[in-house]
Q: 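Below you will find the structure I want to go over with you.
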There are 2 protein chains.
Amino acid sequence: MARESKFTIDELYTKTRSLLIHHGYDGFHFGLLAERLGVTRSALYKYYRNKDELITEFMLYEMERFLRELKQIDQYETFEGQLDYLLELIFKYSKIHQILLTIFRIPPSTHEKVQENINILEEKHLDMYSHLKRFIHLGRKEKKLKPHFPDEMILGFIFQTVNIPKQPDLSSEKWCDMLKEFLLRGMEET
Amino acid sequence: MARESKFTIDELYTKTRSLLIHHGYDGFHFGLLAERLGVTRSALYKYYRNKDELITEFMLYEMERFLRELKQIDQYETFEGQLDYLLELIFKYSKIHQILLTIFRIPPSTHEKVQENINILEEKHLDMYSHLKRFIHLGRKEKKLKPHFPDEMILGFIFQTVNIPKQPDLSSEKWCDMLKEFLLRGMEET
DNA sequence: CCCTAAAGTTACATAAGTGTAACTTTGGCA
DNA sequence: TGCCAAAGTTACACTTATGTAACTTTAGGG
């Protein structure tokens with residue numbers, strides 16, 4: 001090593017995540033990130049040619065992290081076990097959806113590396129989706145799911161639960177249990 | 001009238017809506033809007049002192065429009081009638097949540113008018129919430145809602161349905177019916 | 001018919017983000 | 001111990017958004 005870096009890749013990604021969530025794609029720029037990392041803006045250009053390259057690299061990193069954990073879902077054998085695991089995972093990665101959505105804001109005609117990252121990201125997305133399809137398939141096989149609901153609606157409901165603002169006075173476990181009950185049996189009194 | 005305006009307020013709000021949705025708060029600027037309206041950027045400064053003033057005025061307009069229609073919910077007497085109406089309304093105003101969220105991106109120390117608009121917007125929000133609470137209250141009175149689910153969770157589930165991507169091959173009515181069934185009775189096969 | 005006020009434009013000063021090139025600093029290693 | 005490559009900084013040119021002031025255009029009323 002010629003000289004010690006003032007920040008780690010992990011720090012860089014953590015600050016990037018925070019800035020993307022709070023400032024969005026357009027509000028994110030090298031000046032801001034450099035300030036948070038305690039270096040000058042120019043230092044970042046040694047690592048990434050522009051912000052799109054940094055952002056897509058970061059999204060790949062996030063996606064791979066999420067995917068690695070999602071694949072652990074197969075360790076649970078029953079649909080209900082997998083549902084519990086998935087809900088927990090979705091709450092752990094509650095901001096990943098918002099982050100991945102910024103992909104649509106990246107202008108198309110940038111450097112090659114950016115396009116390549118976007119392509120890889122699409123592959124990872126398909127990979128993710130196939131695992132979720134298998135989860136739904138298990139639920140159908142166990143006859144735990146109403147057959148007339150399409151896969152996309154079921155997954156949509158499950159994933160949107162993370163956007164429902166949690167009551168501060170309830171514990172996370174209690175909240176998660178209630179969400180699960182809502183998903184499974186709805187809100188109607190019987 | 002001294003001279004005919006090149007655009008109507010309605011056109012201005014429509015373009016503003018579109019730009020806010022597709023470019024976000026940071027990506028929205030007078031140059032872009034002026035171009036869409038076929039005037040120069042400077043012309044817009046005759047109407048609004050800066051983009052924050054325009055955006056908050058627009059949000060007020062949207063909120064009032066939504067609120068006016070939401071209040072019509074009282075014309076339906078049963079909880080189920082009101083639920084149908086609400087779901088329809090939420091789909092009609094599917095982007096309003098995203099638009100109102102941009103309020104959190106507006107820097108605090110701008111002109112007075114902006115702060116005033118934000119305050120009025122908060123009042124309208126409370127007004128909106130009280131109507132939604134009444135809707136939930138009716139459902140509880142009719143014993144149509146499980147008592148242990150908090151109001152916020154029920155409203156959260158209802159409002160998040162708009163973010164579930166609709167299957168293109170299904171009609172809007174069919175989709176809405178299925179969402180309603182999911183909300184009321186869940187996804188679990190019984 | 002021409003005056004006026006609102007609508008719009010042009011032109012300018014300012015501010016902030018982008019990207020690059022030339023430079024300095026640091027720390028391991030021959 | 002001094003080379004050298006990676007890390008970082010400084011300085012500059014470029015681009016784009018912001019806000020304002022002075023100007024021109026337009027259409028109705030006296």
Side-chain angles (χ1 to χ4, degrees), chain A residues 1-16 18-58 102 105-115 117, chain B residues 1-16 18-58 102 105-115 117:
Chain A
M1 193 199 317
R3 183 178 169 177
E4 203 180 356
S5 184
K6 284 191 175 180
F7 55 87
T8 65
I9 292 286
D10 225 67
E11 282 173 302
L12 185 140
Y13 282 158
T14 300
K15 306 288 187 192
T16 298
S18 165
L19 287 174
L20 273 180
I21 287 166
H22 294 109
H23 294 246
Y25 174 78
D26 297 281
F28 176 91
H29 50 86
F30 271 19
L32 219 48
L33 180 59
E35 189 199 328
R36 304 291 169 97
L37 290 172
V39 293
T40 57
R41 189 172 54 82
S42 292
L44 296 177
Y45 284 94
K46 297 276 151 114
Y47 301 90
Y48 305 95
R49 299 177 75 177
N50 53 50
K51 82 166 182 178
D52 292 334
E53 196 171 303
L54 187 157
I55 288 172
T56 53
E57 293 281 340
F58 165 68
T102 62
R105 306 287 288 282
I106 299 171
S109 61
T110 33
H111 295 83
E112 215 173 296
K113 183 78 180 170
V114 176
Q115 270 312 315
N117 283 342
Chain B
M1 190 199 321
R3 183 179 170 176
E4 200 179 359
S5 183
K6 285 190 175 180
F7 56 87
T8 65
I9 293 285
D10 225 68
E11 282 173 303
L12 185 140
Y13 282 159
T14 301
K15 306 288 186 191
T16 299
S18 165
L19 287 175
L20 272 181
I21 287 166
H22 294 110
H23 293 248
Y25 173 78
D26 297 280
F28 177 91
H29 50 85
F30 272 19
L32 219 49
L33 180 59
E35 189 199 330
R36 303 291 168 96
L37 290 172
V39 293
T40 56
R41 190 172 53 83
S42 292
L44 296 177
Y45 284 93
K46 297 276 150 114
Y47 301 90
Y48 306 94
R49 299 176 76 177
N50 52 49
K51 81 167 185 178
D52 292 334
E53 195 171 306
L54 187 157
I55 288 174
T56 52
E57 293 281 339
F58 164 69
T102 62
R105 307 286 288 281
I106 298 172
S109 61
T110 33
H111 295 84
E112 215 174 299
K113 184 79 178 167
V114 176
Q115 270 310 314
N117 283 343

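Since the structure is predicted, the reported quantities are computational estimates derived from the model, not experimental observations. Below, read A as the first sequence line, B as the second, and so on, with proteins coming before strands; counting in each chain starts at 1. Hydrogens, waters and symmetry mates play no part in the numbers below; they use all other heavy atoms, side chains included.
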Q: Pairs in or reaching into residues 20-39 of chain A: which pass ring-ring contact (aromatic ring centres under 6.0 Å, His included), with residues at least two apart or in two chains?
A: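 Non-adjacent pairs meeting ring-ring contact (aromatic ring centres under 6.0 Å, His included): A/Phe30-A/Tyr45.
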Q: In chain order, what residues pass the side-chain hydrogen bond (donor to acceptor under 3.5 Å, both in side chains) check against A/Thr16, with sequence neighbours excluded?
A: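 By the side-chain hydrogen bond (donor to acceptor under 3.5 Å, both in side chains) rule, A/Thr16 matches no residue at all.
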Q: Assess whether side chain to side chain contact (heavy atoms under 4.5 Å, CB included) is satisfied between B/Thr14 and B/Phe7, documenting all intermediate values.
A: CA-CA 11 Å; B/Thr14 301; B/Phe7 56 87; over 6 Å; no
Q: More than 12 heavy atoms of other residues, nucleotides or ligands under 6.0 Å from CZ of A/Arg105: yes or no?
A: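 Atom CZ in A/Arg105 is crowded, with more than 12 foreign heavy atoms closer than 6.0 Å.
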Q: For a 4.5 angstrom cut-off between non-hydrogen side-chain atoms, does B/Lys6 reach B/Leu37?
A: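 The answer is no; the side chains never approach within 4.5 Å.
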Q: Rounding to an integer number of Å, can you tell me how far B/Leu37 CG sits from C/dA7 C1'?
A: 14 Å
Q: Taking atom CG of B/Leu12 and atom OH of B/Tyr47, what is their separation to the nearest 0.5 Å?
A: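 Answer rounded to 0.5 Å: 8.5 Å.
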Q: By salt bridge (charged side-chain N to carboxylate O under 4.0 Å, His left out), which residues pair with A/Glu53, not counting sequence neighbours?
A: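 Scan of A/Glu53 (salt bridge (charged side-chain N to carboxylate O under 4.0 Å, His left out), adjacent residues dropped) gives none.
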Q: Between D/dT18, D/dA7, C/dT10, which nucleotide has the shortest distance from any of its atoms to the side chain of B/Lys51?
A: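 Selected nucleotide (nearest to the side chain): D/dT18.
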Q: Between D/dG19 atom P and B/Glu53 atom CD, what is the distance in whole Å?
A: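 For the pair B/Glu53 CD and D/dG19 P, the rounded distance is 11 Å.
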Q: Quickly work out the A/Tyr25 OH to C/dT18 C1' distance and round it to whole Å.
A: 12 Å
Q: Which protein N or O atoms sit under 3.5 Å from an N or O of nucleotides 11-17 of chain D?
A:
from	atom 1	to	atom 2	distance (Å)
D/dA17	OP1	B/His29	NE2	3.0

Q: Among the candidates C/dT18, D/dG8, C/dT9, find the nucleotide nearest to the side-chain atoms of A/Tyr45.
A: C/dT18
Q: Output the rounded distance in Å from OH (A/Tyr48) to P (C/dT18).
A: 16 Å
Q: Tell me every residue that passes side-chain contact (heavy atoms from CB on, under 4.5 Å) with B/Ser42, counting only those two or more places apart in sequence or in another chain.
A: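 B/Thr40.
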Q: Between A/Leu32 (CG) and C/dA16 (P), how many Å, whole number?
A: 13 Å
Q: Ignoring hydrogens and geometry beyond distance, is the side chain of A/Arg3 in donor-acceptor contact with the base of D/dA7 at under 3.5 Å?
A: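 Checked by distance alone, the answer is yes.
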Q: Take atom CG of B/Asn50 and atom C1' of C/dA15, then tell me their distance rounded to the nearest Å.
A: 15 Å
Q: Write down the distance between NZ (B/Lys46) and P (D/dT24), rounded to a whole number of angstrom.
A: 13 Å
Q: Note down the inter-axis angle between the two ends of the helix from C/dC1-D/dG30 to C/dA30-D/dT1, five pairs each, to the nearest 10°.
A: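 One end axis against the other gives 20°.
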Q: Answer yes or no: side-chain N or O of B/Lys6 and base N or O of C/dG8 forming a donor-acceptor pair under 3.5 Å.
A: no
Q: Check whether any side-chain N or O of A/Ser5 sits under 4.0 Å from OP1 or OP2 of D/dG8, and answer yes or no.
A: yes
Q: Can you find a heavy atom in the side chain of A/Val39 that is under 4.5 Å from one in the side chain of A/Ser5?
A: no
Q: Within the pair A/Tyr47 and D/dG8, is there a side-chain N or O less than 4.0 Å away from OP1 or OP2?
A: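 A/Tyr47 to D/dG8 OP1/OP2: side-chain N or O found under 4.0 Å.
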Q: Whole angstrom is fine here: how far is it from CZ in A/Arg49 over to P in C/dT20?
A: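 It is 7 Å, rounded to the nearest whole Å.
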